[in-house]
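Scope of the values below: all heavy atoms of this structure, side chains included, with no hydrogens, waters or symmetry mates. We're numbering straight along the sequence, starting at 1. Predicted, not measured: the structure shown is a model, and the values here were computed from it.
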Amino acid sequence: VQLQASGGGLVQAGGSLRLSCAASGRTFSSYIAGWFRQAPGKEREFVAAISWNLGTTYYSDSVKGRFTISRDNAKNAVYLQMNSLKAEDTAVYYCATKRPPWSQRAAEYDFWGQGTQVTVSS
């Protein structure tokens with residue numbers, strides 16, 4: 001399976017961005033789709049995940065209430081709507097998948113996209 005992340009860019013603090021992750025070679029069906037991010041000099045951290053079949057969503061405390069993860073079955077894609085962006089949200093954002101159950105641990109995810117840069121200016 002190949003994952004293609006897109007939608008990153010430069011935005012001012014308080015602004016919004018929508019990231020997309022499209023899968024090819026396999027559907028997201030029955031899997032967990034997650035978003036992670038990695039800032040320079042820091043470890044990759046969990047942002048959000050969604051159970052594809054159940055639609056259950058999970059968020060890190062740092063983004064809860066500001067970010068929304070969603071999916072589109074027809075397009076075999078997962079999205080991350082990011083609102084009220086802060087300078088500390090600046091990072092490379094990655095999408096990834098794993099079999100259930102969901103996890104916040106990056107090491108448990110099997111397939112990764114190439115990452116998309118999000119830069120929030122203060």
Minimum heavy-atom distance Ser60-Phe46, with the two atoms named = CB-O, 3.5 Å
Residues Ser30 and Asn53: closest non-hydrogen pair is N-OD1, 3.0 Å
Tightest non-hydrogen contact, residues Ala91 and Ala39, listed as CB-N, 3.8 Å
Linking I/L/V/M/F/W/Y whenever their side-chain heavy atoms sit closer than 4.5 Å, directly or via other members, would Ile50 and Tyr59 fall into one cluster?
-> yes
Of the non-hydrogen atoms in Trp35 and Ser20, which two are nearest, and what is the gap between them?
-> CH2-O, 3.6 Å
Do Trp102 and Val47 belong to the same hydrophobic cluster, where Ile, Leu, Val, Met, Phe, Trp and Tyr are linked whenever their side-chain heavy atoms lie under 4.5 Å apart, directly or via other members?
-> no
Between Asp110 and Arg99, does at least one N-O distance fall below 4.0 Å, as a salt bridge requires?
-> no
Calculate, to the nearest 0.5 Å, the distance between atoms OG1 and CD belonging to Thr116 and Gln4 respectively.
-> 9.0 Å
Cation-pi check, Arg44 onto Tyr109 ring (under 6.0 Å, within 45° of axis) | no
Presence of salt bridge, Asp89 and Lys86, under 4.0 angstrom = no
Under 4.5 Å between any side-chain heavy atoms of Met82 and Val118, yes or no?
-> yes
More than 12 heavy atoms of other groups within 6.0 Å of Gln2 CD | no
Trace of the side chain to side chain contact (heavy atoms under 4.5 Å, CB included) decision for Val92 with Phe36 = CA-CA 8 Å; Val92 177; Phe36 289 78; over 6 Å; no
Shortest non-hydrogen contact between Ser70 and Val78, atoms and distance = O-CG2, 3.1 Å
Are Ile32 and Tyr94 connected in a single hydrophobic cluster, I mean Ile/Leu/Val/Met/Phe/Trp/Tyr linked by side-chain heavy atoms less than 4.5 Å apart?
-> yes
Spacing of Leu80 atom CG and Tyr93 atom OH [to the nearest 0.5 Å] | 7.5 Å
Would you indicate whether the side-chain heavy atoms of Leu17 and Phe67 approach each other to under 4.5 Å?
-> no
Interatomic spacing from CD in Gln104 to OH in Tyr58 - rounded to 0.5 Å = 11.0 Å
Does Thr119 reach the main-chain N or O of Thr90 with its side chain, forming a donor-acceptor pair under 3.5 Å?
-> no
Quick one: do Phe28 and Val1 end up in the same hydrophobic cluster if we chain Ile, Leu, Val, Met, Phe, Trp and Tyr together by side-chain heavy atoms under 4.5 Å apart?
-> yes
Can Arg71 and Tyr79 be counted as having a side-chain donor-acceptor contact under 3.5 angstrom?
-> no
So how far is it from Arg105 CZ to Glu45 CD, rounded to the nearest 0.5 Å?
-> 15.5 Å
Rounded distance [0.5 Å steps], CZ in Phe111 versus CZ in Arg26 = 5.5 Å
Given the rule that I, L, V, M, F, W and Y join up when any side-chain heavy atoms are under 4.5 Å apart, are Ile69 and Leu3 in one cluster?
-> yes
Is the backbone of Ala22 close enough, under 3.5 Å, to the side chain of Asn76 for a donor and an acceptor to pair up by distance?
-> no
Spacing of OG belonging to Ser6 relative to CZ belonging to Arg18, to within rounding of 0.5 Å | 9.5 Å
Return yes if some donor-acceptor pair links the side-chain N/O of Asn83 with the main-chain N/O of Ser16 below 3.5 Å, else return no.
-> no
Is Arg37 close to Ser62 at the side-chain level, that is, under 4.5 Å between some pair of heavy atoms?
-> yes
